[in-house]
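Okay, so here's the structure we're looking at.
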Amino acid sequence: MAKRVAVLLAGCGVLDGSEIHEASAVLVHLSREGAQAEVYAPNMPQMHVVDHVKGQPVPEQRNVLVESARIARGNIKELAKLDVKGLDALIIPGGFGVAKNLSTWATQGKNCSISKEVEDVLRAFHAAHKPIGLCCISPVLAAKIFPGCEVTVGHDTECEQWPYAKTAEAMKELGCRHVNSQVTEVHVDTRNRLVTTSAFMCNAPIHDIHDGIGKMVREVLRLA
């Protein structure tokens, strides 16, 4: 039987929701591997709405579930309806929506809180020993919830290629082990069944990001 994988989205658009290329890559690779993706999002207001041309917030209000439905082509469920018993794995693409809507990492960093609904889902998969795939900024969720876990967001030294490397330092302060990796690589924490890859934390060609996400998906399915 096809493995059923929950894909948790945080809106639509890198600056205020899920990173669209990452979300699409996850869905493409799941399809290629013969897995069945089930897309979920919390039914909640976004932290704010960003004009992606100007990169500035605008005075609008949007809903995370409604915006995520754009990526899922309408085939989406409320996160509150997710039942871990019928699913084999969980994958969360990146994008600032993870740090703004699923958590408060964007404003509070390591002192952030995570949406109770999101935290409950992550803990449920972890308790059931079912794998969790995280890319780009989403490994911060695991760093906050699972002390001592091993993750990667790429590199921990800031440079032109790795402009968000300070994220790794903040995660280390939470007590997790950060493993430096290239954009096409993944890190597997076998004890916690976490698979992470850096994706757009790196200034890299989009095909390399796509390939790294593909490795993440394959490792998640191998563990499922």
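Just the heavy atoms: all of them, side chains too, but no hydrogens, waters or symmetry mates, feed the values below. Every value quoted in this text rests on a predicted model; they were computed, and no experiment measured them.
- Between Trp162 and Ser198 there is a side-chain heavy-atom pair separated by less than 4.5 Å.
- Hydrophobic clustering places Met216 together with Leu27 (ILVMFWY residues linked when any side-chain heavy atoms are closer than 4.5 Å, directly or through intermediates).
- Two residues are said to be in side-chain contact when any heavy atoms from C-beta on lie closer than 4.5 Å; Leu221 and Val5 meet this criterion.
- A 6.0 Å sphere centred on CZ of Phe125 holds more than 12 heavy atoms belonging to other residues, nucleotides or ligands.
- Electrostatic pairing of Arg193 and Asp189 does not count as a salt bridge here, judged by no charged N lying under 4.0 Å from a carboxylate O.
- Test Ile71, Ile20, Ile92 against Leu9 for side chain to side chain contact (heavy atoms under 4.5 Å, CB included) and you get one pass: Ile71.
- Contact annotation: the side chain of Thr196 never approaches that of Ile132 to less than 4.5 Å [non-hydrogen atoms, C-beta and beyond].
- Connection of Leu102 to Val151 is established within a shared hydrophobic cluster, with ILVMFWY side chains joined at heavy-atom distances below 4.5 Å, either directly or through further cluster members.
- Between Leu141 and Ser103, some side-chain heavy-atom pair lies under the 4.5 Å cut-off.
- Glu169 meets the salt bridge (charged side-chain N to carboxylate O under 4.0 Å, His left out) test with Lys172; sequence neighbours excluded.
- The environment of CZ in Arg4 is crowded: more than 12 heavy-atom neighbours from other residues, nucleotides or ligands sit within 6.0 Å.
- Using modelled atom types, one finds a donor on one side chain and an acceptor on the other under 3.5 Å when comparing His126 with Asn192.
- Summarising the local packing, CG of Asp83 is surrounded by more than 12 heavy atoms from other residues, nucleotides or ligands at distances under 6.0 Å.
- Cluster annotation: Leu90 and Val188 are assigned to distinct hydrophobic clusters (Ile/Leu/Val/Met/Phe/Trp/Tyr, side-chain heavy-atom contacts under 4.5 Å, transitive).
- Interatomic distance, CE of Met1 versus CG of Asp88, reported as 8.5 Å (0.5 Å rounding).
- Residues meeting the salt bridge (charged side-chain N to carboxylate O under 4.0 Å, His left out) test with Glu119, sequence neighbours left out: Arg123.
- A salt bridge is defined here as a Lys NZ or Arg NE, NH1 or NH2 lying under 4.0 Å from an Asp or Glu carboxylate O, and Glu185 with Lys215 fails to meet this definition.
- Counting heavy atoms from C-beta on, the side chains of Asn63 and Met44 never come closer than 4.5 Å.
- Put simply, Leu223 and Val179 are part of two different groups of oily side chains (I, L, V, M, F, W, Y) that touch within less than 4.5 Å, one to the next.
- Separating the NZ atom in Lys144 from the OG atom in Ser113 is a distance of 8.0 Å, to the nearest 0.5 Å.
- Leu82 and Leu8 fall within a single hydrophobic cluster, where Ile, Leu, Val, Met, Phe, Trp and Tyr are joined by side-chain heavy atoms under 4.5 Å apart, directly or via other members.
- Side-chain contact, His29 with His210: a donor N or O sits under 3.5 Å from an acceptor N or O.
- Listed by chain and number, the residues in a ring-ring contact (aromatic ring centres under 6.0 Å, His included) with Tyr164 amount to none (sequence neighbours excluded).
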